[in-house]
Amino acid sequence: MTTATHEETLGFQTEVKQLLHLMIHSLYSNREIFLRELISNGADACDKLRYAALDNDTLYEGDSELRIEIEHDAGAGTVTVRDNGIGMTRDEVISNLGTIARSGTADFLKQLSGEQQKDARLIGQFGVGFYSGFIVADEISVRTRKAGSDKAEGVEWRSKGEGEFTVADIEREAHGTEIVLHLKEDAKEFADDFRLQSLVRKYSDHIEVPVRMPKVESARDDEGNAIEGSEITTWETVNEATALWSRPKSEISDEEYQAFYKHVAHDFSDPLTWSHNKVEGKLEYTSLLYVPGRAPFDLYERDGARGVKLYVQRVFIMDDAEQFLPLYLRFIKGVLDTRDLSLNVSRELLQQDPKVEKIRSALTKRALDMLKKLAKDKAAYQTFWNTFGSVLKEGPAEDFANREKIAGLLRFSTTHTDSATQDQSLADYVERMQEGQQKIYYIVADSFNAAKSSPHLEIFRKKGIEVVLLHDRVDEWLMSHLNEYDGTALVDVAKGELDLGDIEGEEEKQAQEETAKAKEDLVKRVKEALGDQVQEVKVTHRLTDSPACVVLPEHEMGFQMRRIMEAAGQPMPEVKPILELNPVHALVAKLESVDGEAFGDLAHVLLDQAIIAEGGHLDDPAAYVKRLNALLTV
Ligand code: ADP
Ligand code: MG
């Protein structure tokens with residue numbers, strides 16, 4: 001019996017308590033995953049020791065055969081998971097098994113509702129890890145010692161998962177970690193040889209570290225009966241125990257790829273697709289990249305985990321090596337194993353190594369190709385797009401070289417389907433372009449409905465020209481980095497002169513000029529009435545149903561971006577819109593027939609309404625209401 005000294009009882013961090021509570025209740029139907037999580041941690045610990053031992057192989061303490069062992073005791077109702085990996089110091093135990101250090105955790109936990117199914121999904125996004133042991137155990141004890149430390153520096157951690165845990169110093173011969181689960185009454189089924197073996201195969205086959213289980217064998221007498229007292233225990237490796245990515249593609253089943261994904265991505269659900277490549281030649285690497293089926297909780301956190309798991313010649317180097325993929329592909333998960341970097345590479349060194357840049361651009365291409373392939377499956381791609389589309393939209397700004405490729409992967413709403421679902425590609429649009437149409441037209445608004453009913457679309461609807469409807473927060477910013485697609489210019493219909501190219505005949509253009517001439521006088525009067533509230537007044541042929549609209553000069557920042565900047569506290573220089581009047585509208589005709597105060601009121605009301613239709617805010621809304629009421633009561 002070990003003697004424990006320096007025993008103290010500490011409380012779990014609030015977030016851990018919340019997570020424990022929710023997890024135990026919402027993951028009940030998924031509870032076998034605890035074994036995967038504990039094996040995954042043991043494998044990580046072995047990876048870390050191998051890495052640390054590169055510099056100092058005394059850390060192995062004479063035992064360099066890394067492994068995980070699983071034992072059970074049906075009588076006692078326990079399952080033990082043991083590794084001879086890196087182990088933990090007392091301080092590490094307290095922080096690793098008492099807190100959750102990831103940023104955004106508190107916010108994440110607030111989203112949990114207490115509804116089992118919903119929370120199970122959310123918790124899957126988060127990755128439950130070590131604490132999942134408490135789904136099946138009512139007490140867990142951990143004994144560990146950091147590799148290379150003194151035998152007296154062992155640590156024991158114990159908890160019932162109810163708010164506090166106890167740590168104590170112990171003597172421990174072996175380095176590494178041993179976790180004993182005291183199974184709950186209704187989870188005793190896990191203390192079973194067959195059950196444990198099949199779980200290891202199901203979840204941990206792909207782990208490179210051997211997972212071993214004891215096998216008891218007896219000598220036999222002449223009649224084939226076991227001789228009592230002759231039992232010997234041998235250890236049998238239960239999993240495949242080769243790094244999955246190093247095996248030939250043809251020998252790996254979809255199930256194995258999926259199981260491996262869950263290990264690298266800390267995700268519960270299956271990935272949407274993956275791409276496994278071995279490259280030889282100037283660069284030598286193997287990559288296995290996955291597109292997850294759902295977003296991690298920290299997708300938009302500045303310091304959220306991203307990047308690939310990096311191995312150099314099969315030796316684990318680091319998690320989240322973010323240098324190998326651009327930010328706009330931060331949702332991609334996977335593994336990179338290369339011969340081109342040295343084993344003692346660090347994050348700092350990665351930033352300077354030119355080979356890293358080369359691999360990064362190769363992986364970026366792989367990832368984009370993988371998405372292109374995924375796009376052939378419309379339903380799967382829609383899931384991808386709804387989950388990660390707004391991240392991919394960051395692409396054209398970040399990655400100039402791949403702008404065209406990314407543009408091909410974007411999906412939008414358009415007037416063609418009039419649906420808020422973003423499921424149309426620019427290629428779809430181009431295919432439907434009319435004869436004589438030379439541009440791709442789009443409009444940006446704050447919501448789908450605002451985009452769809454913008455007065456700017458009237459002429460396009462009349463002529464049956466499709467317009468891309470952009471209504472995501474990032475859209476105007478996206479479009480400012482995307483000037484053309486496949487040689488066709490992209491044009492904001494609410495900015496600059498309206499140019500429908502050859503769709504408008506010469507006659508039409510002439511008629512427009514004549515109308516403009518005929519209304520010169522009116523235009524002048526309106527400009528006088530509105531003063532410097534507008535940059536210019538014109539007659540327009542954009543409109544069919546609305547009396548007026550506002551337009552911005554071609555290179556001016558749009559209304560959406562202005563509002564975002566203003567909301568972020570960035571003062572924006574005032575921009576004066578161009579007011580365009582619909583010469584055939586009854587209100588414009590009425591405007592022509594009045595003068596004095598009524599003229600001024602109506603001119604102002606037309607301007608204000610055009611701004612409102614654009615989703616803009618009026619400087620003086622009360623004045624608008626007053627003028628409108630005055631007009632309503634004449
Ligand atoms: P994650 O594996 O995602 O980091 P876990 O909850 O599974 O989260 O584990 C929390 C931390 O506890 C790990 O990051 C690791 O530092 C430590 N840990 C857990 N199990 C072991 C182990 N068997 N050996 C060494 N450290 C471990
Ligand atoms: Mg883990």
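Ligands are counted one by one from 1 in listed order, and the atoms in each one are counted from 1 as well. This structure is a prediction, so every number in the text was calculated from the model and none was measured.
Ring-plane geometry between W245 and F260 is classed as tilted, the angle between the planes lying from 30 to 60 degrees on a 0 to 90 degree scale. Note on ring orientation: taking the six-membered ring where Trp is involved, the planes of H263 and H206 are tilted (angle from 30° to 60°).
Between K262 and E37 there is no salt bridge, since none of the side-chain N atoms of the basic residue sits less than 4.0 Å from a carboxylate O of the acidic one.
Ring centroid separation for the pair F134 and F34 does not come in under the 6.0 Å cut-off. Aromatic rings from H276 and Y257 are positioned such that their centres are separated by under 6.0 Å. Proximity of the aromatic rings of F331 and F388 is defined here by a centroid distance below 6.0 angstrom, and this criterion is met.
The closest approach between E37 and ligand 1 stays at or above 4.0 Å for every heavy atom of the residue.
Scanning for side chain to side chain contact (heavy atoms under 4.5 Å, CB included) contacts around N402 gives Y328, T364, L368, D399, K405, I406, with sequence neighbours left out.
Ranked by closest heavy atom to atom 20 (N) of ligand 1, the top entry among I39, N41, T144 is N41. Remark: among candidates R82, K48, M88, the nearest residue to atom 18 (N) of ligand 1 is M88, based on non-hydrogen atoms.
Protein atoms that are N, O or S and lie under 2.8 Å from the Mg ion (ligand 2) are these: N41 OD1.
Within ligand 1, the atoms closer than 4.0 Å to a non-hydrogen atom of G129 are 5 (P), 6 (O), 7 (O), numbered from 1 in the order shown.
The residue E92 has no part lying near ligand 1, judged by heavy-atom distances below 4.0 Å.
Taking CH2 from W385 and CG from L409, the interatomic distance works out to 8.0 Å, rounded to the nearest 0.5 Å. For the atom pair CD1 (I170) and CZ (R143), the distance works out to 6.0 Å, reported to the nearest 0.5 Å.
Backbone and side-chain nitrogen or oxygen atoms of N96 are examined, and one is located within less than 3.5 angstrom of a nitrogen or oxygen of ligand 1. At least one N/O-N/O distance between F130 and ligand 1 falls below 3.5 Å.
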